[in-house]
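What follows is a single structure, written as structure tokens, with notes after it.
These figures come from a predicted structure and were not determined experimentally. Within every chain, numbering begins at 1; the chains are lettered A, B, ... in the order of the sequence lines, protein sequences first and strands thereafter.
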Amino acid sequence: MEQTLRPAVRSRTAERVSDDVAVQPPTVLDLQDLAVYYGAFRAVRGVNMAVGQNEITAMIGPSGCGKSTVLRSLNRMNDLIRGARVEGKVVYHGIDLYDPRVDPVEVRRRIGMVFQKPNPFPKSIYDNITYGPKIAGAPKSSFDELVETSLRKAALWDEVKDRLKESALGLSGGQQQRLCIARAIATNPDVLLMDEPCSALDPIATGYIEDLMHEIKTEYTIVIVTHNMQQAARVSDRTAFFTAELDSNNDRRTGLLVEFDLTDKIFSNPSDERTENYVTGRFG
Amino acid sequence: MANARTMFDEELEALRLQVEVLTERVAEAVGRARRVVVDGDGEAARQLIDSDDAIDEMSVSLTETCYTLLAREAPVASDLRLVVSIIRVLHTLERIGDLALRVAHAVDDQPLIAGHADIYQVLVRLADNVADRFAAVREGWAGRSVEPLDRLDSFDPLAEFAEPLVTRVMALTGPDAVRVALAATAVGRSLDRIGDQTQIMACRLRYLVTGDVTYLADEVAW
């Protein structure tokens, strides 16, 4: 009987989902029917997804499903692999990244990459940060400020400000990874790609990196590949689930994008049974 | 050796079966409450009172199991919906048990209520209504199917019982008027709340099966 006495209540999640769909952020990277080949082998196919500005987009899926391959195609890192080629389009702010007129070095300046294993250069903390800007021709007079700003954004300044000239290799794993993020930030990119950035870190260092992602997403668009589904659920706004299926043409497994949606949806009520089976641990 | 996922599946299935057992016990309580209203069945009242502790203990124990599964397995998607939905209905089933208990406690006043045919008829119809509702919802939960819930629309709306009951209670006169009024109101209120709680179980089942979060909003409207 109380039903007639109460005001109508709506689901916040339902409202949020419908609002989110209505106010989808501007697209930074638009992947259109993307396929990546290594020689004759088609590593991944059928990728259609729009990476939204100032969002964290997670790519999840079993090993060999092509998520890292797709990530590397977003800043043309695959160009460095002999025989690698792309079909379809990766459109960045309206520009096809694979247009022959596009400079891949400029692409990588605007779309930075943080790798699975922290890989600081065997140089000082200071030199790690200034390495990219130095190559890009930034004035030396700007370096001090740049180092401080980048390290502050990477939540590392307070820990290293008194030893900037010491070797970066003396930092802990978590600090090294934040240094790599600071180094990527120093070139003033628009997008940060992160390929399993926490897989070599302990839970505390992982927590720092995840917090950092939340902090910096107001300034950057982030795409992260992760095997840790809890991490994808915690940090990302949208999630892309990839899987691998046998290619009847060559008896090899080809990755494909199964589902791309709001992370809340992927982890609470995915549309595709393959996604459901993966996120619940029944497959993969 | 079974893998972790298989073990988790087995734990979920065991949990689901135990909730089915608890639902069956609560169904018995609702049936006994109906017999108290219809026949003033003292034995049914005694059994209902005796069974309440077991319902409470089972509800608490299964809630603990759910919390453990949440902490240990961090379930997602349909697994998460199952565990959180069970937590919700465990509370609901425990409440239905308590409400049925209140009806049992009115057993001594049943002959007085039965002496007022107009009031008695409303309460019997309401008791039948909520017992049938609960049966439909229990069937749905047992099979994790929303189809049995279609029957809920065929029952008289719960809201239609309030006015005739209150009108007739207010018209009572005579030396036993206050006692009958209090007993009939308490029984009517308890039965009505059992109906509401049953509807909450129905909403939660729809959410569990479909994943549609709008059913969560429907749930709090009851």
Side-chain angles (χ1 to χ4, degrees), chain A residues 1-21 58 60-62 203 206 210 226-236 238-239 241 243 258-284, chain B residues 3-9 12 69-85 126 129-130 156-163 165-166 188-200 202-203 206-222:
Chain A
M1 293 181 197
E2 288 187 5
Q3 190 171 40
T4 57
L5 303 177
R6 284 174 175 271
V9 176
R10 292 187 61 197
S11 156
R12 281 182 60 203
T13 306
E15 283 182 11
R16 187 155 45 80
V17 168
S18 87
D19 287 351
D20 206 296
V21 170
I60 62 170
T206 296
E210 290 180 1
T226 178
H227 270 294
N228 182 338
M229 282 184 291
Q230 297 284 312
Q231 182 172 68
R234 275 195 299 270
V235 304
S236 70
R238 292 173 205 267
T239 296
F241 168 64
T243 193
V258 172
E259 187 170 353
F260 176 58
D261 211 327
L262 292 169
T263 296
D264 286 352
K265 175 83 164 50
I266 292 287
F267 285 94
S268 61
N269 190 22
S271 300
D272 194 290
E273 192 179 356
R274 290 169 292 180
T275 314
E276 166 93 20
N277 287 339
Y278 183 75
V279 298
T280 56
R282 293 189 176 90
F283 155 73
Chain B
N3 67 32
R5 177 66 228 189
T6 305
M7 287 167 62
F8 181 40
D9 278 338
L12 286 178
L69 288 175
L70 285 174
R72 204 182 62 212
E73 303 288 348
V76 296
S78 58
D79 293 340
L80 177 62
R81 294 205 303 276
L82 177 62
V83 176
V84 296
S85 296
L126 181 55
N129 185 302
V130 298
D156 291 336
L158 290 167
E160 287 186 3
F161 292 90
E163 187 181 335
L165 182 61
V166 172
R189 176 69 180 159
S190 296
L191 292 172
D192 173 58
R193 293 296 298 137
I194 290 173
D196 285 351
Q197 296 288 327
T198 302
Q199 291 299 130
I200 288 170
C203 294
R206 290 187 198 280
Y207 165 71
L208 168 62
V209 172
T210 66
D212 184 345
V213 289
T214 57
Y215 289 119
L216 299 179
D218 291 349
E219 192 176 285
V220 297
W222 287 92

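Atom CG of B:Leu82 sits about 12.0 Å away from atom OG1 of A:Thr280, to the nearest 0.5 Å.
Qualifying salt bridge (Lys or Arg N to Asp or Glu O under 4.0 Å) partners for A:Glu210, counting only residues two or more places apart in sequence or in other chains: A:Arg234.
For a residue to count as touching a neighbouring chain, one of its non-hydrogen atoms must lie under 4.5 Å from one of that chain's; by this rule A:Ser268 touches chain B with the backbone only.
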Determine whether A:Arg282 and B:Asp79 satisfy the following criterion, side-chain contact (heavy atoms from CB on, under 4.5 Å), listing intermediate values before the conclusion. CA-CA 11 Å; A:Arg282 293 189 176 90; B:Asp79 293 340; 2.8 Å; yes

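Among residues 70-77 of chain B, the residues having any heavy atom closer than 4.5 Å to a heavy atom of chain A are, in sequence order, B:Ala74, B:Val76, B:Ala77.
Each of A:Val279, A:Thr275, A:Asn269 has some count of heavy-atom pairs under 4.5 Å with chain B, and the biggest count is that of A:Asn269.
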